Amino acid sequence: MVQIRLTNTRTRRKEDLVPIDPANVRLYLCGPTVYDRAHLGNARPVLVFDLLVRLLRHEYGDGAVTYVRNFTDVDDKINAEAQRRKALGSPLSLEALVTERTEETIAWYHADMDALGAMRPDHEPRATEYIAQMIEMTRDLITRGHAYEAEGHVLFDVRSFPDYGKLSGRSVDDMIAGARVEVAPFKRDPMDFVLWKPSTDDLPGWDSPWGRGRPGWHIECSAMSAALLGPHFDIHGGGIDLQFPHHENEIAQSCCAHPGAGFANVWLHNEMLQVEGKKMSKSLGNFFTVRDLLDRGVPGEVIRFVMLSTHYRKPMDWTEAKARDAERHIEKWFFALVQAGYTRRMVEILKEGGVWTPMDAVVDALANDLNASGALAALHEFDLNGTAVQLAPFAASLDLLGFVSDWDEIASIARMGVSTVGEHPAHDRVAALLLDRQEAKRVKDFASADRIRKALEGVGIQVQDAPGGNYSFTLPADFDEAVLDKLDL
RNA sequence: GGUGGGUUGGCGGAGAGGUUACGCACCGGAUUGCAAAUCCGUGAAGACCGGUUCGAUUCCGGUACCCACCUCCA
């Protein structure tokens with residue numbers, strides 16, 4: 001058994017993970033607000049937690065982990081989209097349009113995260129399914145003196161919770177001093193935040209003791225984690241941008257509603273994603289979704305590789321160079337496995353044979369605060385020349401890291417049929433030119449042979465000789481056949 | 001202004017108080033008609049200034065620079 005160590009934001013230290021109940025390790029990840037396609041940054045916490053869950057299942061057993069990730073389906077951006085569709089003349093009700101939008105977004109999210117090899121959580125609660133629990137928790141917080149009603153709103157009283165600000169290392173007084181936000185006049189303290197707010201007739205709403213309204217953002221995670229994991233569980237996480245205010249407010253709500261329970265033992269936060277050294281933003285033109293990358297032909301395994309190559313607590317820079325590098329490694333690894341005879345059936349046989357054990361170096365690296373980069377380094381050092389049995393530790397490591405969703409598909413990812421790209425119309429003409437080259441090589445006219453190859457390389461066609469007088473070539477995906485007419489041969 | 005984090009070889013990127021990270025690139029060798037690919041191997045670092053220590057890139061303090069959060073963006 002390997003001791004798993006994680007950096008706990010709450011204590012700012014790397015600590016041994018000691019599960020509350022080793023037979024049921026419980027995690028909660030703050031999931032997406034389902035108003036649009038997931039961008040690349042959204043994928044990072046999902047992959048971090050996916051890796052963590054895989055490691056926990058490996059160490060504690062498949063059935064000994066409960067992983068919850070919510071969908072936030074109450075949100076102004078969702079309402080705005082629903083209202084836009086209504087304005088465009090949709091016959092559906094506003095509630096139906098909201099549901100339509102969230103359903104389609106959730107389906108996209110599932111498809112995109114599946115493509116990255118991220119396992120579905122055990123529970124994926126939606127905020128709209130837990131409104132009753134949120135109302136109950138809000139009422140409870142009022143009863144206990146931690147919340148108050150004002151002008152149709154219910155607000156959490158931060159001064160009633162002395163530990164407020166502890167997670168993010170802020171004091172309420174400091175934050176007020178530097179605050180740039182306009183403060184609603186009915187707040188007792190500028191830092192008080194909304195548990196419940198009123199809805200107008202043109203917005204979704206639910207009946208409550210405080211009138212028709214909707215919940216504040218933070219209360220959903222407190223209510224859903226308590227409902228599915230209990231008031232005290234092991235690990236809670238998300239992007240570092242959620243540390244404040246979202247997680248701070250969750251702690252305040254949950255700890256005040258369940259005094260003495262403890263809430264989450266370990267807080268795990270991943271750093272942000274950048275693109276080519278800059279923050280990803282629509283205004284810089286470097287904003288893209290996971291689907292954009294997949295549609296461009298970047299395999300999910302490659303995206304996963306790049307994500308795992310930087311430690312989760314450091315800012316990660318997505319670059320084209322990294323994607324190319326990752327693709328070469330993935331292809332090389334899968335190629336070696338295909339050559340060793342790896343298929344779904346082969347993996348079953350290896351598992352039955354008791355040799356399906358990941359490399360110690362990989363498990364040790366992951367156990368050390370999810371050092372995925374270190375795990376990849378261990379994989380680089382593995383000798384890929386061997387039989388299926390000899391490669392089993394390597395393959396099981398790839399499996400643990402979540403790189404393989406279907407062993408019968410690895411051949412296509414390794415691009416085994418390198419010589420052609422689909423049914424490109426230029427294929428036969430290029431093949432004819434290369435036949436000339438083969439003839440030139442046969443009669444030792446190397447000058448002509450090299451001229452043909454150089455000419456083809458000049459228009460982007462890579463030609464490689466292989467043993468036995470064979471050759472292969474690769475046509476660029478966007479190859480324009482017309483350039484063949486202008487070749488200088 | 002407040003809070004948190006970072007600064008490693010040409011580039012990317014880890015761990016560890018003393019022993020090769022690793023990958024890419026480069027260079028040398030093997031192989032090849034030549035390329036490509038592959039295999040083997042060499043070299044190359046720790047922002048700056050102090051302190052602790054027998055010894056620090058790794059711990060502590062300061063300086064500079066960078067980033068994030070403080071705005072319902074993961």
Side-chain angles (χ1 to χ4, degrees), chain A residues 7 9 12 29-33 35 38-49 69 72 74-77 165 167-171 173-182 191 193-194 197 215-220 237-246 248-249 269-274 277-282 287 305-306 308-317 319 321-322 324-326 328-329 332 361 364-365 368-369 371-381 383-385 418 440-441 444-447 449-450 453-454 457 462-467 471-474:
Chain A
T7 299
T9 308
R12 287 170 182 70
L29 173 65
C30 288
T33 302
Y35 65 96
H39 65 246
L40 192 59
N42 290 309
R44 180 118 106 133
V46 173
L47 290 175
V48 169
F49 262 66
R69 182 182 67 209
T72 298
V74 179
D75 177 78
D76 288 342
K77 293 196 213 55
L167 177 74
S168 51
R170 299 150 198 254
S171 77
D173 292 328
D174 286 345
M175 285 188 283
I176 292 167
R180 296 185 241 143
V181 224
E182 282 217 24
M191 298 312 295
F193 57 92
V194 168
K197 58 188 168 188
W217 175 36
H218 317 292
I219 191 74
E220 62 176 89
I240 188 70
D241 55 334
L242 294 184
Q243 185 189 17
F244 187 90
H246 184 56
E248 198 74 71
N249 292 355
H269 290 106
N270 62 275
E271 255 293 348
M272 298 290 100
L273 177 109
Q274 300 182 318
K278 296 199 169 103
K279 181 172 176 166
M280 183 164 76
S281 74
K282 284 175 180 166
F287 180 95
F305 187 109
V306 174
L308 263 44
S309 66
T310 297
H311 188 87
Y312 74 93
R313 291 184 58 249
K314 289 200 170 178
M316 203 218 89
D317 194 15
T319 65
K322 283 185 185 175
R324 278 195 301 274
D325 190 52
R328 280 211 294 274
H329 280 108
K332 180 176 150 186
D364 289 347
N368 183 11
D369 200 21
N371 180 11
S373 177
L376 293 177
L379 291 178
H380 287 311
E381 293 186 271
D383 181 5
L384 294 174
N385 298 302
V418 160
K441 279 178 66 176
K444 309 263 185 224
D445 178 10
F446 295 121
D450 289 351
R453 185 175 62 201
K454 285 223 170 64
E457 282 176 358
Q462 292 298 321
V463 180
Q464 295 185 0
D465 291 331
Y471 61 89
S472 64
F473 65 91
T474 311

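As the structure is a computational prediction, the values presented were derived from the model and not from experiment. Naming: A, B, ... by sequence-line order, numbering from 1 per chain.
As a whole-Å value, the separation of A:L384 CG from B:C39 P is 8 Å. Taking atom CG of residue A:N270 and atom P of nucleotide B:A74, one finds them 11 Å apart after rounding to whole Å. A:M280 places its CE atom 9 Å from the C1' atom of B:C73, with the value rounded to the nearest Å. Straight-line distance from the CH2 atom of A:W217 to the P atom of B:U71: 12 Å, rounded to whole Å. Atom CZ in A:R324 sits about 17 Å away from atom P in B:C11, given to the nearest Å. One atom, CD of A:E248, and another, C1' of B:U71, lie 17 Å apart when rounded to the nearest Å. Between the CG atom of A:D241 and the C1' atom of B:A74 there is a distance of 5 Å, given to the nearest Å. Rounded to whole Å, atom C1' of B:U3 lies 19 Å from atom NE2 of A:H246.
Base pairing annotation: B:G9 forms no Watson-Crick or G-U wobble pair, as no partner gives both donor-acceptor distances under 3.5 Å. With both pairing distances under 3.5 Å, B:A47 is matched to B:U63 as a Watson-Crick or G-U wobble pair. Under the Watson-Crick or G-U wobble criterion, with both distances below 3.5 Å, B:A68 is paired with B:U3. Pairing partner, B:A14: none, since no Watson-Crick or wobble contact has both distances short of 3.5 Å. Pair check for B:U32 finds none; no Watson-Crick or G-U wobble contact set falls under 3.5 Å.
Comparing B:U3, B:C72, B:G33 by their closest approach to the side chain of A:R170 singles out B:U3. Relative to the side chain of A:E381, the nucleotides B:C22, B:A74, B:U8 differ in distance, and B:C22 lies closest. Out of B:A21, B:G5, B:C73, the shortest distance to the side chain of A:R12 is found at B:G5. Here the side chain of A:P45 is nearest to one of B:C72, B:G15, B:A74, namely B:A74. The side chain of A:S373 lies closest to B:A21, out of B:G15, B:C69, B:A21. The side chain of A:K314 lies closest to B:U8, out of B:A25, B:C69, B:U8. Distance from the side chain of A:H329 is smallest to B:G23 among B:G23, B:C72, B:U8.
When side chains are defined from C-beta on, A:N270 does not count as touching A:M316, because their heavy atoms never get closer than 4.5 Å. Between A:K77 and A:T33, every side-chain heavy-atom pair lies at or beyond the 4.5 Å cut-off. Looking at heavy atoms from C-beta onward, A:Q243 lies in side-chain contact with A:S168 at the 4.5 angstrom threshold. Side-chain contact between A:H329 and A:L376: absent, with no pair of heavy atoms (C-beta onward) separated by less than 4.5 Å. For the pair A:D369 and A:Y312, the minimum side-chain heavy-atom distance is below 4.5 Å.
Because its NZ or CZ atom is both nearer than 6.0 Å to the ring centre of A:F244 and within 45° of the ring axis, A:R170 counts as a cation-pi partner of that residue.
B:A74 sits 42 Å from B:A36 when the C1' atoms are compared, rounded to a whole Å. Spacing of P atoms, B:C24 relative to B:C40, comes out at 11 Å, to the nearest Å. B:G5 and B:G62 are spaced 13 Å apart, taking the P atom of each and rounding to whole Å. Taking atom P in both B:A68 and B:C26, the straight-line distance is 33 Å, to the nearest Å.
When each of A:A378 and A:N42 is assigned the nucleotide of RNA chain B with its nearest heavy atom, A:A378 is the one assigned upstream, toward the 5' end. Mapped onto RNA chain B by nearest heavy atom, A:S309 and A:D325 fall at different nucleotides, with A:S309 at the one closer to the 5' end.
Using a 4.0 Å heavy-atom criterion, one finds that A:G41 contacts the bases of the nucleic acid, with or without backbone contacts as well. Note on A:D76: nothing from the nucleic acid sits closer than 4.0 angstrom, heavy atoms only.
Taking 3.5 Å as the limit, the base of B:C34 and the side chain of A:R453 contain a donor-acceptor pair of atoms between them. Contact annotation: side chain of A:H269 to base of B:A74, donor-acceptor pair absent below 3.5 Å. If you check distances only, the side chain of A:D317 never reaches the base of B:G12 with a donor-acceptor pair under 3.5 Å.
When the side-chain nitrogen and oxygen atoms of A:K322 are compared with OP1 and OP2 of B:G13, one or more of them lie within a distance under 4.0 Å.
The pair A:D450-A:R453 meets the salt-bridge criterion, since a charged nitrogen lies less than 4.0 angstrom from a carboxylate oxygen.
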